[in-house]
Structures are given as C-alpha cells and as structure tokens.
Amino acid sequence: MSELEKAKQEVEQVCFAYDKAGDTGDIKDWKEYYDLENKLIDKVKISNQPQLTIPKSIADQLDKYDFELTSKGLMYRNMGGTLLEFSRVTYDEIPQLIVQTIAGNYRIVFAYLAGKALGVDLVKVVEG
C-alpha cells in the first residue's frame, strides 16, 4: 500500500468516526473520533516540517568516497588508505566536489554522510 493510500485510509477512518459520533452522540464515540483526529494532526505537523536536502548529483559523488563515522567523528579514507579526521583534512586531500560543496553547505554534507554512516536518512536527496 502506497503512502498516499495509507493517508487516504486514515482520513476515511477519521471521517467515519466523526459520522458515527454524530449519529450516536455517545461520549466514547466522540473520544475515539478525537483520538484519531489528533493522531492525524500530529502526522501532518511532522510531515510539514522543513527537511534538509542535498542534490542527487552531489550525493552520488559523495557516495563514491570512503567515509565512516567513528568515535572521533566523521572520518575520510584518503587515496593512500589512511583514515583522517574530516575536520583536519587539508583541501588537497578532499575530493574536489566536496571542496566546492563545503563552500556553502558543508553542514548538510556532514549531516548526509553522518546519516549514511548511522543508517538513517537525515538529509533528503532531491533531483539536481
């Protein structure tokens, strides 16, 4: 079932609960309606929060390199195989695309790479 179909189903449940509560006037039915409605409102609030995004072209380039998250933070394995702290790497050791990206969006790059290392999507990849 797609996300859209799930959302439609949840809205239908709220509508059905409203109709039922209006027909019966039973306080339990009204409570069920308000519980369903509040859950739906919470989901809408969460889905409307701004998201961090990174262009797909940059994400694809970042995915080609060997980054990992360690107890010392985000690390980068250079061409010689040496694992370096990302914050201490000189610009000539970092892939050129990342240097260009760092100019304005380095925090988003760090969030994207950290999310990948943790196995969660902290930054949404968008076309571009």
Side-chain angles (χ1 to χ4, degrees):
M1 181 181 300
S2 74
E3 291 298 316
L4 180 60
E5 290 169 339
K6 287 179 189 176
K8 287 180 181 179
Q9 189 176 30
E10 289 182 44
V11 170
E12 287 174 2
Q13 287 175 344
V14 171
C15 293
F16 178 76
Y18 178 80
D19 288 341
K20 182 180 176 187
D23 289 344
T24 66
D26 189 339
I27 195 155
K28 289 180 185 177
D29 292 335
W30 280 110
K31 181 182 179 329
E32 180 182 339
Y33 160 70
Y34 286 120
D35 288 346
L36 289 171
E37 181 186 47
N38 288 335
K39 286 180 187 175
L40 192 59
I41 288 170
D42 289 344
K43 286 184 178 183
V44 169
K45 286 179 183 176
I46 290 170
S47 68
N48 285 333
Q49 290 179 351
Q51 291 183 327
L52 295 173
T53 61
I54 191 168
K56 184 173 177 9
S57 59
I58 293 175
D60 288 344
Q61 290 297 318
L62 291 170
D63 292 343
K64 292 179 183 178
Y65 297 97
D66 191 6
F67 292 97
E68 55 187 90
L69 193 61
T70 71
S71 60
K72 293 182 178 181
L74 188 62
M75 306 291 277
Y76 166 70
R77 190 171 304 280
N78 69 7
M79 298 304 275
T82 305
L83 198 60
L84 303 165
E85 286 184 50
F86 197 77
S87 61
R88 294 186 183 172
V89 176
T90 62
Y91 281 124
D92 58 332
E93 294 174 306
I94 301 174
Q96 189 58 35
L97 181 69
I98 298 170
V99 172
Q100 294 166 359
T101 304
I102 287 177
N105 301 336
Y106 70 93
R107 289 179 183 91
I108 293 173
V109 170
F110 289 160
Y112 173 76
L113 294 171
K116 283 191 55 98
L118 294 169
V120 296
D121 292 328
L122 297 177
V123 178
K124 183 178 180 179
V125 178
V126 296
E127 287 302 315

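- A salt bridge links D60 with K56; the closest basic N to acidic carboxylate O contact falls under 4.0 Å.
- Hydrophobic clustering of Ile, Leu, Val, Met, Phe, Trp and Tyr side chains at less than 4.5 Å, counting indirect connections, unites L40 with Y34.
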Check residues 117-128 and write down every donor-acceptor pair under 3.5 Å in which the side-chain atom is one partner and the other belongs to a residue at least two apart or another chain.
none

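- I27 belongs to no hydrophobic cluster, as no Ile, Leu, Val, Met, Phe, Trp or Tyr side chain comes under 4.5 Å of its own.
- Going from atom CG of D29 over to atom NZ of K31 covers 12.0 Å, rounded to the nearest 0.5 Å.
- Considering only residues two or more places apart in sequence or on other chains, T53 meets the side chain to side chain donor-acceptor pair (under 3.5 Å) condition with none of them.
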I'd like a table of donor-acceptor pairs (distance under 3.5 Å, sequence neighbours excluded) in which one partner is a side-chain atom from residues 10-21, with atom names and distances.
from	atom 1	to	atom 2	distance (Å)
E10	OE1	K43	NZ	3.0
E10	OE2	K43	NZ	2.9

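- Every residue two or more places apart in sequence or in another chain was checked for a side chain to side chain donor-acceptor pair (under 3.5 Å) with N38, and none qualifies.
- Applying the side chain to side chain donor-acceptor pair (under 3.5 Å) criterion to K6, with sequence neighbours excluded, gives no partner residue.
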